[in-house]
Structure formats: C-alpha cells, structure tokens
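Because only heavy atoms are used, hydrogens play no part in the values below, and waters and symmetry mates are left out as well, while side chains stay in.
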Amino acid sequence: MRKASILLHLLLSLLLSASLLQAAQPVQEFTLDNGMQLLVVEDHSSPMFFGAWIAHVGSANERPGITGVTHLIEHMMFKGTKIIGTTDAERDLQLIASQEELKEQMRHLSRDLRWKVRYGEYATLAEAQAADAEYQALKAKFDKLVEAQSETMISNAYDRQFQVHGEIMGNAFTSQDMTAYFHILPANQLEFWMWMESDRLLNPVFREFYSERDVVYEERRMRTENTPTGLHDEAVEAMFWQAHPYSWPIIGWPSDISEITLSQVQEYFQSYYWGRNLSLLLTGDVDADQAYAMAQRYFGRIPEGVDPPALVTLEPEQIGEKRYYGEADVNTQVNIAYHCGGFKHVDGPVLEVISSLLRGDTGRLQRKLVQEDELAVWAAAFYQQQKYAGQFIVLGEVAEGHSAEELETALKAELIRLAEEPVDERELQKVKNNYLVRAYREESSAIAKGFTLINATGNGDWREGERFREKLSAVTPEQIQEVAARTLVANNSLVSVYERPEGMEATSYPEALNSLPAEMQAQTKMAIDQMRSLEDPEALQAMMAELRGALGQVPDEVKPMFEIMLSVGEEQMTKLQSSASGEAE
C-alpha cells in the first residue's frame, strides 16, 4: 500500500462489506492459457475503467514467525521492477545482494542475542543489538550500502508512471484472504495498465526492503498501537480464534515484522504469485474480446505455476463463553462476537437478514435499546463473512447512568427473542426490500462494481453474488429462529468490554461525528486518531489528497465520513504548520 494511504482501509472496509451482488451488466469470464482468471464487465457510460488483479493469498496463509509477510509484499510491489525505479539495474541488484550478505551475518548474531532477551539480560532485542559492538559494526557497513543504493534509485517511480498517464485513483490492500491491486484510469490507458501490472508480477525488484519494513512497522504503530482500542482489538481477535490463522493481525506481530528477511519474502512470493493463483478484473469502458487478447499478450507471460499450499486448519468448536475486559480512552462499549460460517456457508443469507433486522435507524437494537429503554447511545449488528469462517457481532455504547452489564443483558435478550419468536412477515419483507435497494444502489458505478467483484472473487466465487441475493430473498422466519438458536449462544461467543479508566480525560471528536450511522462512527474515530498522530506535514497532505480524490468516488451516504476526516486533517495541518513556524523563530 502506498505510504499516503493509511486511511484507505476505511473506504475499502465499506465498499468490500457491500452486499454480495454481481453487476447489473453481465460478467464475462475468460481463462488465460496460464490458468489466470479474467472477469470483464463492460460499462460504456464513462470513458474510464477500473482495473484490478487479485492474488489469492492473505494473512491466513502465513505461519508464526512470518506474520505480516503478505502485507509487506503488498508494499514491496510498489518499489518497481528491473526497468522502473533505478538508473542502473545491474548495480542495483549487486547492492541488494551485498546487503543480504551482511544481513545474514546480523541475523546470525541476533539468534544469540534473542536468547539474552529470553533470559532477561535485556528487555528487547533492539536493546541487545544496540549494546553489541559486532552487530553495530555490521550495521554501519549495511547503512553505507543502503546509502550507495539510494544514488541509483528513482523514488516513487512506479506511482509516477500512473500519475502521468491520468490515474484517477490507485492502491492496494491486504486482507486475511486476498491481496488486491487496483487502478482507475482513462479508457485509452488499458494497454499501459496491463503492461505495468504484468511487469511487476514478472520482474519485481524488492528494493529498499529494510527501510520499507520499517515503514510497515510505523504503519502498525499508527493503526494499532496509537489508537484507543487497537491493541485491545488485536488481543480480542487472538482470543476469539483458538486455532485458525485469522487469530494474528494482517499487519503482523511486531517481533515478526522486524525480523522478516528478504529471502523469506521472495520464497513466499514464489509460492503464491503464479498464473493459476491470480484473477484479473476489468469494469468500465472496455471491450471484453479486446481485453482478453491484450491480457493474453501481457499477463499470459506469467508462468502457470503450481497449486499453492492449502489452508487445512479448521476452527474447533468453542465449548465455553470467553470474556475480555480492557481499559481504553472510549466511552463504555460492549461487543459480543459469535463464531459462524463464512463465505458461501448455508447460514450466510440468514445471518445477513438477522443483522439487517437488528441494525440501522429502524432496526430492533436502535428502537429497543436506544430509543425505548435508553440503555445505549448506539447499537449495531454485523455479519462478517470471510473466506474460511465468519463472525456475527452485536455491539453498542452504554448510555450515561447505565452499566456494561445492563447493555450486555439487553443485547443478548434481543438475540434470544430472535430464537424464540418468529419474525413478522411484514418486518422480514421490509428488511429484504431495503437490502436489495441498498445493494442495487451500491452497484451504480463501474468502481463499485469493481470492488464488489474483488470481494466475491477474492473470497472464491464471483457468481456467489447472484446466488446470495436469491437465497436471502427466500429466508423464512423458521430459518431465522433455527440459526439464532444454534449460533447466537453464550458457549459460542466472546464478550469484550472497553471502559475508560477513572480519571482519564476523554478525547474530543467533532460534533458532526454523532450524525453518522453507528457502524461508521468507530471507523471514523480510528481515522481521526491516526491523522492526529501524524507529525509529517507531507505525509498528511498526501493522505488528504487521496481522501479528496476518493470523496468523488464513494457512495453519498459515506461522503459525510470523509468530509469529517478532511476537516480534522486541515486542523492537524494548521497545528503542524504553526509548530514548524514556532521552531523556525
């Protein structure tokens, strides 16, 4: 992911959680000779196209010791190729090889130093390395090689190529189940896009590896460690998943990020980035037959490869309720997560209906817990379907004068009610109608269609969109009762409670935040926390530029969220400029 796009995951989380519907225009599917899948949706309403490719690999494919490697590769794929990003390709590769020789010696020393940390001689590995003279001598030599390489490099060369060719938007993201790279470009730049994207799959050069690894470490600090509930959320996920690799964070554990090697990254890349494990998506002003011929010419050069290692771990059945309590700078919150089926699971459409019954301004949680009983400031429900497994989550913020225990009891009561009382057919039909209307609206542009296809294709089957809609329309009150009684039970759950420690002053947020739907408020607060932690005006300016660009592409209901973030960004920019001015004086 580009450095300026720390907030992009907010946009993606909204677009990728959109209803699973295939585009109104037909999806045309092709298979290249190397096994690569190509999906095309023609939409000639605007002279632009959305182009993306998916590597069917995510953090779930990792193992302890290299957690975060998938996300790190996403970063490295923006570092250029053998011909993009350097003025001297041969010298560049020689310097990378020399750096690795020194790094291997440093890693050998670190193995011994790590034991000193385990034995309590040092608090951290970094402290042990700083105290070791031999390690520091090797580091000094390594730093000189990095400086020499910088003389041959062209900074941000890959991004600049897209910018001069009229890029409207471009980036990448990593999830537990996939890695996706996408661009929005003028229609006449299709061949340029295909050449550029196929070249970085064929000839990637992971230059600046160790400095970019540090960038990822800093990204983790901003996204996780510098947000009120980041570390708690991470701990909750690790507790929720007993055996499944969803238990570790996408960005990786800190000790793994700092020790992943270039050779490990290259080995991992060679395991997953082959033709048969890639999908290519095009929506917008493209001709399907021409796109296929062009894709065969460029992406067809990528070797077919072999099937990657299969993920075999299944989450065992939970046998007792789990509980987590954390102190954080937030108003008291209660979150209850339940294990459930993921993408294409037979319970999926039923769980989506249940979440729709509960959430929203007219949902049961808002009516009962917020408006009638005044137990909560807001309450919501989500069905999160991932490729291998899923979660059903109910949550809320406790109203003043009430306790977390009261809200927890009330949330559970609404779930019990779903299991014991049949949903009225009129209420059920209203939920179905609202779902379909919202889903069609989310398919109103080539960009939205592109993200919807990324979601379904990355999870395993782009056709599931149409099937999901049909299954959801057929959900019955009896199915809702059966699934709720079987799934939304204490022994299948993790209850987490966050409370502000006594005496801690609450962080202030813009008043406009209260006008956002409950499901957006937490995400926006997280973004605000990240923006306020930025101390680099250039990075903040780049982030705000991306937000402004995205503002014209997101659905109308999401725009207030971006406008709030932009206003906070402007405040932070003024603060940084004032600070710099004071230092200059």
Side-chain angles (χ1 to χ4, degrees), residues 59 62-72 99-143 145-146 209-265 267-268 313 322-329 494 496-504 529 533 535:
S59 62
E62 299 163 357
R63 59 172 172 78
I66 60 168
T67 62
V69 66
T70 316
H71 174 251
L72 181 55
Q99 289 172 10
E100 280 307 293
E101 289 178 11
L102 282 173
K103 272 293 182 180
E104 183 54 39
Q105 296 177 53
M106 295 166 71
R107 283 191 285 270
H108 183 76
L109 287 176
S110 292
R111 294 187 186 101
D112 294 334
L113 294 174
R114 197 173 286 109
W115 281 107
K116 293 187 176 183
V117 177
R118 291 171 179 143
Y119 294 151
E121 296 180 36
Y122 295 97
T124 66
L125 179 60
E127 181 183 324
Q129 291 169 340
D132 188 88
E134 186 178 359
Y135 185 91
Q136 290 302 309
L138 290 171
K139 183 178 182 301
K141 293 180 181 179
F142 178 83
D143 290 343
L145 289 176
V146 172
F209 175 77
Y210 295 99
S211 62
E212 194 64 24
R213 196 180 65 178
D214 292 341
V215 169
V216 171
Y217 201 99
E218 175 65 12
E219 183 182 333
R220 177 192 157 80
R221 185 186 68 82
M222 292 181 61
R223 285 194 183 184
T224 303
E225 297 167 13
N226 274 15
T227 57
T229 66
L231 290 173
H232 291 298
D233 294 339
E234 198 172 71
V236 166
E237 285 298 297
M239 187 176 176
F240 182 79
W241 301 104
Q242 177 179 332
H244 202 280
Y246 285 161
S247 62
W248 52 71
I250 295 170
I251 202 166
W253 295 119
S255 58
D256 290 353
I257 297 172
S258 62
E259 294 300 313
I260 291 175
T261 69
L262 177 58
S263 60
Q264 286 174 326
V265 166
E267 179 183 2
Y268 192 85
T313 302
K322 299 178 182 180
R323 301 190 70 86
Y324 180 93
Y325 175 82
E327 292 187 337
D329 181 17
L494 186 153
S496 55
V497 177
Y498 300 155
E499 291 187 308
R500 182 178 292 106
E502 187 175 349
M504 177 183 284
D529 292 333
S533 70
E535 298 178 357

Does CD in E267 sit with more than 12 non-hydrogen atoms of other residues, nucleotides or ligands closer than 6.0 Å? no
Heavy atoms of I66 and D256 approach each other most closely as N-OD2, 3.8 Å
Just one of R114, R107, K103, R111 clears the salt bridge (charged side-chain N to carboxylate O under 4.0 Å, His left out) bar with E259, so which one? R114
Distance, nearest 0.5 Å, that separates CD of E100 from CG of L145: 11.0 Å
In terms of heavy-atom contacts, A328 and H232 come closest through CB-CD2, 3.9 Å
If you apply the rule side-chain contact (heavy atoms from CB on, under 4.5 Å), what do you find for L494 with R323, and how did you get there? CA-CA 5 Å; L494 186 153; R323 301 190 70 86; over 6 Å; no
Is it the case that more than 12 heavy atoms not belonging to K139 sit under 6.0 Å from its NZ atom? no
Looking at every non-hydrogen atom in both residues, tell me the closest pair between V216 and I251 and how far apart they are. O-CD1, 3.8 Å
Applying side-chain contact (heavy atoms from CB on, under 4.5 Å) to W248 and E237, what does each step give before you reach the verdict? CA-CA 7 Å; W248 52 71; E237 285 298 297; over 6 Å; no
Taking every non-hydrogen atom, the tightest pair across P249 and R220: CG-NH1, 4.2 Å
To the closest 0.5 Å, what do you measure between CZ (F209) and OG (S263)? 8.5 Å
Is there a donor-acceptor contact under 3.5 Å from the side chain of E104 to the main chain of E101? no
Could you check whether the rings of Y324 and Y498 sit parallel, tilted or perpendicular, using 30° and 60° as the cut-offs? perpendicular
Residue pair Y135 / Q105, side-chain donor-acceptor N/O under 3.5 Å: no
Distance only, no hydrogens: is a donor on one side chain within 3.5 Å (strictly under) of an acceptor on the other, for E219 and H71? yes
Hey, could you give me the CD/CG distance between E134 and L109, rounded to the nearest 0.5 Å? 4.5 Å
Reference residue Y210; test side-chain contact (heavy atoms from CB on, under 4.5 Å); the match among V215, L262, V146: L262
Donor-acceptor pair between Y268 and E62 side chains, under 3.5 angstrom: no
side-chain contact (heavy atoms from CB on, under 4.5 Å) for T124 and V117? Distances and angles first, verdict last. CA-CA 6 Å; T124 66; V117 177; 5.7 Å; no
Which heavy atom of G252 sits nearest a heavy atom of I257, and at what distance? O-CD1, 3.7 Å
Using distance alone, with no hydrogens and no angle criterion, decide if Q129 and S110 have a side-chain donor and acceptor under 3.5 Å apart. yes
Note: M222 and T227 closest approach over all heavy atoms is O-CG2, 3.5 Å
K116/D112 salt bridge by N-O under 4.0 Å criterion: no
